[in-house]
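Per chain, numbering begins at 1; letters A, B, ... match sequence-line order. A quick note: this is a predicted structure, and the numbers were derived from the prediction, not measured. Hydrogens, waters and symmetry mates are skipped; everything else that's a heavy atom, side chains included, is used.
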Amino acid sequence: MEKIEIVATEYTPYINLDPESRLVEIKGESFPENTFEFYTPILKWLKELLNSSGKVTINMEIVYFNSSSSQVFFNLFDQINDSVEENGLEAEINWIYEEDNESVLEAGEDFIEEYETLNFNLIIK
Amino acid sequence: MLNDIYGIKNNLSKKGILFTFSGYISQPILSGLVKSMQLKLSDIGVDTKIIRVIFELSVEVMQNILNYSSDTIEVTNSRYESSGIVLIGYNSESKNYFIIGGNTISSDDREGLEAYILDLNSKTKAELKDLYKERRRSRSNNHDRGAGLGLIDMARKSSQPIEYNFNNIEDSENLLFFSIKLTV
């Protein structure tokens, strides 16, 4: 698998997909015009990573995301959750937010409610 | 025409409009508008949390226009420009910020849209949260260009029920002008 790095734009986040450290990093603002199209290669890459063994780390440091991105993040966590439940994969999700960013904190709490068994950490930056 | 410009500008100012755009909305215009608004509101000392909600609602309102306006042009591969209007302002009497969006829709969509908004307005914040999560799980409103979660998100974040209006369009029976107002 190849390492993929995508620079941030005004409305898409920085993406770092590193097969060596088995890390997915999504950082910045996410409100693309065509959210599904933007994230499809990333979800594809992740799917491949989840097929190989070893702990996976997801660092999400999002300042703002739109409702379509929320759907994509859900799909991403869903993929991970399936691998954890079905294949016993070890995964750690770090949801990193600025202290006063209640929207992002609440969104993180919503995800925790969805996936009670996932190792999902809320981390103040 | 030139004679009217001051009147148009003055009317907008009297209604408390701080930012507005009318015409073909594209993703770069949307982004430029919300970013400059964020800076301006921060400069004049508006609370960060309020700015964030205005930002979030403005993006959803404009992306709704982009995705659902009946007057949409595909500029390049999956890049669109959609005709509409967005107004962001402050009501000094109620001391609330507001975001208004407007675009043409097919008359056939009126009934469903109105029923949907009324249903959202009848729900508590907790019920809206549950609905949002349920729709996200089922992906039932997903389409090519979005998750179909925008209106629920707006209802969750607006401090007042969603206000909306339909105007008839001259010389057109098939189209209506739909506008929506959210309050922060």
Note to self: For the backbone of B:Lys49 and the side chain of A:Glu102, can you confirm whether one donor and one acceptor N or O come within less than 3.5 Å of each other?
What the structure shows: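 No: the side chain of A:Glu102 does not pair with the backbone of B:Lys49.
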
Next item on the list: Could you tell me whether a side-chain N or O of B:Gln63 sits under 3.5 Å from a main-chain N or O of A:Phe31, the two making a donor and an acceptor?
Entry: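 Side chain of B:Gln63 to backbone of A:Phe31: a pair is present.
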
What distance separates [X] [atom1] from [Y] [atom2], expressed to the nearest 0.5 Å?
X	Y	atom1	atom2	value
A:Phe74	B:Arg135	CZ	CZ	14.0 Å
B:Ile152	A:Ser70	CD1	OG	10.0 Å
A:Asn34	B:Arg79	CG	CZ	6.0 Å
A:Ser67	B:Asn64	OG	CG	7.5 Å

Notebook entry, point to check: Do B:Arg136 and A:Phe73 come close enough that some side-chain heavy atom pair is under 4.5 Å?
Noted result: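 Side chain of B:Arg136 against side chain of A:Phe73, heavy atoms only: no contact under 4.5 Å found.
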
Next item on the list: Measure the shortest side-chain to side-chain distance between B:Tyr80 and A:Glu33 over non-hydrogen atoms and say whether it is less than 4.5 angstrom.
Entry: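 They are in side-chain contact.
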
Next item on the list: Using a strict 4.0 Å threshold on nitrogen-to-oxygen distance, state whether B:Lys129 and A:Glu113 make a salt bridge.
Entry: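 Counted as a salt bridge, because a side-chain N and a carboxylate O are separated by less than 4.0 Å.
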
Checklist line | Contacting moiety of A:Asp78, where chain B heavy atoms sit under 4.5 Å | finding: side chain

Check: Which bit of A:Glu106 is near chain B, if near means a heavy-atom gap under 4.5 Å: side chain, backbone, both or neither?
Finding: neither

Next item on the list: Identify which part of B:Thr48 has an atom lying under 4.5 Å from any heavy atom of chain A, answering side chain, backbone, both or neither.
Entry: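 Contact with chain A: side chain only.
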
Next item on the list: Would you mind checking which part of B:Lys133 comes under 4.5 Å of any heavy atom in chain A, side chain (CB onward), backbone (N, CA, C, O), both or neither?
Entry: both

Notebook entry, point to check: Can you tell which of B:Leu66, B:Val34, B:Asn142 has the highest number of heavy-atom pairs within less than 4.5 Å of chain A?
Noted result: B:Asn142

